[in-house]
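In what follows, every chain begins at residue 1, and chains take the letters A, B, ... in the order their sequences are listed. Below, all heavy atoms of this structure are taken into account, side chains as well, without hydrogens, waters or symmetry copies.
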Amino acid sequence: MKPNPEIQLQVRRATCQACGMGEGEDTRCITGYGPSDADIMVISKLPNSPKYQELLLDELERAGLDPDRMFFTGALKCRNFDRSPSKADLKTCHQYLEKEILLVEPKWILVLGNEALQATVGRSGITKYRGQVFDYGEVKVMPTISPNSVVRNPGQRTGFTADIQYFAAQVSGVSVTEEIHEHKVADTKARLKELIADLKRADAMAFDVETQGFDEFKEGAGMVSLAVTLMGEGMTPHTMWAVPLKHPGSAWRRQWRRVLEVLAPHLSAVPRRVGHNGKFDCRWLRHHKVPIVETFDTMLAAHVLDENRAKGLKPLARMLFGADPWGIDTKELDTLPIDDVLRYNALDTYWTFRLYEKFKDDFRKERRLFRVFALLMMPANEIFIEAERYGVWIDPELLATNYEIAKRTLEDFHTELMQWVPDDHPGKVNFNASNFARWWLFDHLGLPVLKEGKTGPSMAEDVLLELRDAHPCVNIMLERVKWNKYVTSFLKPYTELRDDRGRIHTTFKLHGTVTGRLSSGKIEADKVSGRTKIRGVNLQQVPRDTFIRGLIGAPPGWAFVEADFSQIELRVVAFLSRDSTMLRLYQTGQDIHRATASWVLNKPPSEVTKDDRKKAKAVNFGFVYGMGARKFVHTAFTKYGLRFTLQEAQAIRRSFFEQFAGLPAWHARQRRLAAEYRRVQSPLGRTRHLPDMASGDEGVRAEAERQAINSPVQSFASDLTLLSMVLLDQYFRKHDLPVHILGTVHDAINFEVREDALARVLPVIRDTMGNLPLEKKFGIRVDVPILAELKVGRHWGGAHELTDDEIDHWGTKKVDW
DNA sequence: CACCAGGGCGCG
DNA sequence: AAAGCGCGCCCTGGTG
């Protein structure tokens, strides 16, 4: 493709060295090609490579556009594959792009990829902005993802196609989406009756509520509206209903609770109840006494079917159906006309229902994934609705005490550190990794710079550890980092976010990771504004230090119980790799961490201490998942203070793989599978897509290979926790036991158990986790023993580890907990 | 003021 | 040539 000579003549500066990207005459300042009077301009990051261009042209033609009538150009004019462009480079280069736009005067611009987006309209966040049309002066701009990412990840193809088709439709002035019929509004008693009659006839329903804010516990927060899309025998397909609730313009604004009460039994009675992130809606509905249970969640289905794609309702609807945008552009629903809110609400349920139909169909071809979805994810989702509502108890006195101690400690550190700060220091005193701290440590005090990051000298823990003897302030700095983290990340939020029962709340995401693990956080996305808000805390990163973990516990009369799988990931490694040594060790009831400690430290297993075992853990996990000798030297020192030479580390690594001689073959198998299929699967069928296996960059590919090794392990181990939790929940409900599931931490489940029920509950937890019905539920036989270890205490931190005898005879003997 | 990336670190 | 994996939160400094 030859550059358009006319444009080239007016725009190109062949000597440009503004950013230094261009290396030679033929790679420097390449302007675009295509007719100078094109109506449509396509902007990519770089001048397109042939492979990239082929896919793009294919999509454009499929969408009915004529590439010969379009002008193609790059946001960056120079080609240099050895250097990735910075924001500054894009900015420097912008002048050329701007000239091209002025000369061609397109009516439409299609922007491909985040860099091009940044360069063209100055915004970043392609997943957020893709598929939306913006005004850029006189020109209409629509961004979408780069074809390059589609080449690397075929799963992105449908979404990319949808965006291009949408673009084509916009250009030609024709909408690709179907006409969606009107929703009915239940704003009179007669209409409510009609809705109830429809609910009775329906056999499936998508539901959604609009709320005032994100926190159902917030004083005075209510539901603005409720909508459903219904499907049933003899009904108009996709019958949409919207119910105005606590909105200023609502007919029911004074009786909205009463309306909900009337609707509640009928909503719950529809056989199939579908939500998109319905956990959120269910939490609100239950808070207002509508006991609805979700049977199918389209966001979770989307995630388990493809872990990499966007999971929001709008991107999914657009990608899969070419839906027109229907968002509301405001934070305050109350200030919008009620009709707009109701339409928006109704459309949410319409598209949710469409997704439900599609994913139900997809699952027919993915039976194993459907089992994971139906047997693990949906029941777990239900458990988390309650767990998030219930929260965990924080010891109020201890919290107050420790918060004070920590704050005072930090002040003391500050005072001590100030003695080495000169009066004429530049800027503000700030001991966090800031310009001041760097100046102070490395310029003023003259400590050597051992590690340099992109933004300056590193002040990370490992660096400071090496500098310990160089200056007395270093030890204080190290301690300060820890205590500062305690205050800002834990003590402060715990204090501020307790509810009136002294409990803190979290959000669990079943769609938060690529492996199927859960993520936990304080975040609750506000779907209207798109922003995230504080609702609670992350309960998967509570420091193990009893100073913090000892604050979390059970209120009087209850006990905190933690059940965690013993060495679960290594057991899964044994199962998947078939390494005979690992299998034998576990089958004969031995402990691999202890075994490793024994031969690394060269002492008999009986003399291995707890600390030795902890070190061995790092060895095992590291090497199993592909760590090299160099990194081993580093972690052994920074985490455990052990000094190894590179030669020693290489020897340990070699002998590790001699000890577990089955592992290299397993690694090779995972690499081969990943290379061939560009994805790997867990024993339950969870899929991890690894598009980077196609990368030309060896480092990128090697990373994908390590992920291919780790993912099935992490995924399966995590599903074992999920299965345990689901089975235990069923048991507790069936026998009406006073137990609250508080949440999971990857390989552990936390419970709050009423003290008088411990004797009954403890053995059930141990036995359920130790005898999972994997063959019955999933058709797989696991020949490695899986077992759980139980702890009980007033608090999480420092809880008492239970022996089998104590579990079996709880209450008959005195146990100190 | 909002947003973003990077650094650093809490957990498994 | 070398490269553990998976998360979320807080802070800083730069940018618009």
Chemist: Apply the side-chain hydrogen bond (donor to acceptor under 3.5 Å, both in side chains) test between A:Gln714 and each candidate in A:Asp719, A:Thr513, A:Thr515; give the one that qualifies.
Modeler: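 By the side-chain hydrogen bond (donor to acceptor under 3.5 Å, both in side chains) criterion, A:Gln714 pairs with just one of A:Asp719, A:Thr513, A:Thr515: A:Thr515.
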Chemist: If a pair satisfies side-chain hydrogen bond (donor to acceptor under 3.5 Å, both in side chains) and one of its residues is in residues 448-467 of chain A, list it, with sequence neighbours excluded.
Modeler: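 Residue pairs with at least one partner in residues 448-467 of chain A: A:Arg438-A:Thr455, A:Lys451-A:Asp462, A:Asp462-A:His634.
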Chemist: Starting at CD of A:Gln540 and ending at P of B:dG10, how long is that distance when rounded to a whole Å?
Modeler: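 Spelled out: CD on A:Gln540 to P on B:dG10 is 17 Å.
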Chemist: Tell me which nucleotide among C:dG6, B:dG10, C:dC10 gets nearest to the side chain of A:Gln714.
Modeler: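 Of the options given, the side chain of A:Gln714 lies nearest C:dG6.
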Chemist: Flag this pair as yes if the NZ/CZ of A:Lys407 is under 6.0 angstrom from the six-membered ring centre of A:Tyr403 and inside a 45 degree cone about the axis; otherwise no.
Modeler: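 So A:Lys407 does make the cation-pi contact.
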Chemist: Whole angstrom is fine here: how far is it from CD1 in A:Ile568 over to C1' in C:dC5?
Modeler: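 Atom CD1 in A:Ile568 sits about 16 Å away from atom C1' in C:dC5.
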Chemist: Between P on C:dG4 and OH on A:Tyr625, what's the gap in Å once rounded to a whole number?
Modeler: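 In whole Å, C:dG4 P lies 15 Å from A:Tyr625 OH.
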Chemist: Classify A:Ala702 by what it touches in the nucleic acid, base, sugar-phosphate, or nothing, heavy-atom distance under 4.0 Å.
Modeler: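 The residue A:Ala702 makes base contact.
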Chemist: Answer with yes or no after comparing the ring centroid distance for A:Phe660 and A:Trp666 against a 6.0 Å cut-off, counting only values under it.
Modeler: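 So the answer is no for these two rings.
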Chemist: Any idea which of C:dA3, B:dG12, C:dG4 is nearest the A:Lys631 side chain?
Modeler: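 Of the candidates, C:dG4 comes closest.
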Chemist: With sugar-phosphate meaning primed atoms plus P, OP1 and OP2, does A:Arg549 contact a base, only sugar-phosphate, or nothing at under 4.0 Å between heavy atoms?
Modeler: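 Sugar-phosphate, backbone atoms only, no base.
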Chemist: Can you tell me how far apart OG (A:Ser718) and CG (A:Leu720) are? Round to the nearest 0.5 Å.
Modeler: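 Between atom OG of A:Ser718 and atom CG of A:Leu720 there are 8.5 Å.
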Chemist: Hey, is the side chain of A:Gln707 poking within less than 4.0 Å of OP1 or OP2 on C:dG6, counting only N and O atoms?
Modeler: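 Answer yes for this pair, as a side-chain N or O of A:Gln707 is under 4.0 Å from OP1 or OP2.
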Chemist: With a 3.5 angstrom cut-off on both distances, give the Watson-Crick or G-U wobble partner of C:dG6, or none if there isn't one.
Modeler: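 Pairing partner: B:dC11.
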Chemist: So does A:Tyr136 have more than 12 non-hydrogen atoms from other groups sitting under 6.0 Å from OH?
Modeler: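 Atom OH in A:Tyr136 is crowded, with more than 12 foreign heavy atoms closer than 6.0 Å.
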Chemist: Just checking A:His425 against A:Phe436, ring centres under 6.0 Å apart?
Modeler: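 Yes, the ring of A:His425 comes within the 6.0 Å limit of the ring of A:Phe436, centre to centre.
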Chemist: Starting at CZ of A:Arg438 and ending at P of B:dG6, how long is that distance when rounded to a whole Å?
Modeler: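 Spelled out: CZ on A:Arg438 to P on B:dG6 is 13 Å.
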Chemist: If you check every side-chain atom of A:Glu698, which of C:dC11, C:dA2, C:dG4 has the closest atom?
Modeler: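 Within the option list, the nearest is C:dA2.
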Chemist: Which nucleotide sits closest to the side chain of A:Lys485: C:dG6, B:dG8, C:dC10?
Modeler: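 The listed nucleotide nearest to A:Lys485's side chain is B:dG8.
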Chemist: Need one value for A:Arg653: base, sugar-phosphate or nothing, where a base atom within 4.0 Å counts as base even if backbone is also close, heavy atoms only.
Modeler: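 Here A:Arg653 touches no strand at all.
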Chemist: For the side chain of A:Asn435, counting heavy atoms from C-beta on, which of B:dC11, C:dG14, B:dC9 is nearest?
Modeler: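 Of all the options, the side chain of A:Asn435 is nearest to C:dG14.
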Chemist: Would you say C:dG6 has OP1 or OP2 under 4.0 Å from some side-chain N or O of A:Thr515?
Modeler: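 Answer no for this pair, as no side-chain N or O of A:Thr515 is under 4.0 Å from OP1 or OP2.
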Chemist: Rounding to an integer number of Å, can you tell me how far A:Lys615 NZ sits from C:dG4 C1'?
Modeler: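 Value for this atom pair: 20 Å.
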Chemist: Quick one: which of C:dG8, C:dG6, B:dG12 gets closest to the side chain of A:Arg544?
Modeler: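 The nucleotide sitting nearest to the side chain is B:dG12.
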Chemist: Between B:dC11, C:dC9, C:dC10, which one does the side chain of A:Thr488 approach most closely?
Modeler: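 In terms of side-chain proximity for A:Thr488, the closest of B:dC11, C:dC9, C:dC10 is C:dC10.
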Chemist: C:dC5 P sits how many Å from A:Asn620 CG, rounded?
Modeler: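 Distance, rounded to whole Å: 17 Å.
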Chemist: Can you tell me how far the CD1 atom of A:Ile394 sits from the CH2 atom of A:Trp796, to the nearest 0.5 Å?
Modeler: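 Rounded to the nearest 0.5 Å, the CD1-CH2 separation comes to 10.0 Å.
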Chemist: Of the options A:Arg613, A:Lys610, A:Lys617, which is the one that meets A:Asp591 in a salt bridge (charged side-chain N to carboxylate O under 4.0 Å, His left out)?
Modeler: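 Option passing the salt bridge (charged side-chain N to carboxylate O under 4.0 Å, His left out) with A:Asp591: A:Arg613.
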Chemist: Using whole Å, report how far NZ of A:Lys522 lies from C1' of B:dC11.
Modeler: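 In whole Å, B:dC11 C1' and A:Lys522 NZ are 17 Å from each other.
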Chemist: Which part of the nucleic acid does A:Val624 contact within heavy-atom distance under 4.0 Å: base, sugar-phosphate only, or nothing?
Modeler: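 Counting heavy atoms under 4.0 Å across all strands, no contact is made by A:Val624.
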Chemist: With a 4.0 Å cut-off on heavy atoms, is A:Val542 in touch with a base, just the backbone sugar-phosphate, or nothing at all?
Modeler: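 The residue A:Val542 makes sugar-phosphate contact but no base contact.
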Chemist: Scan residues 453-466 of chain A against DNA chain B and write down, sorted by residue number, each residue with any heavy atom closer than 4.0 Å; if none is found, say none.
Modeler: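 Here the set is A:Gly453, A:Lys454, A:Thr455, A:Ser458, A:Met459, A:Ala460, A:Glu461.
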Chemist: Which nucleotide in the list B:dC9, C:dC10, C:dG8 gets nearest to the side chain of A:Val481?
Modeler: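 Of B:dC9, C:dC10, C:dG8, B:dC9 is nearest to the side chain of A:Val481.
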Chemist: Is a donor-acceptor contact shorter than 3.5 angstrom present between the side chain of A:Arg517 and the base of B:dG12?
Modeler: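 Pair found.
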Chemist: Grab the OH-C1' distance between A:Tyr486 and C:dC11 for me, whole Å please.
Modeler: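 Spelled out: OH on A:Tyr486 to C1' on C:dC11 is 18 Å.
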Chemist: Out of C:dG8, B:dG7, C:dT12, which nucleotide sits closest to the side chain of A:Asn432?
Modeler: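 My answer, after comparing the listed nucleotides, is C:dT12.
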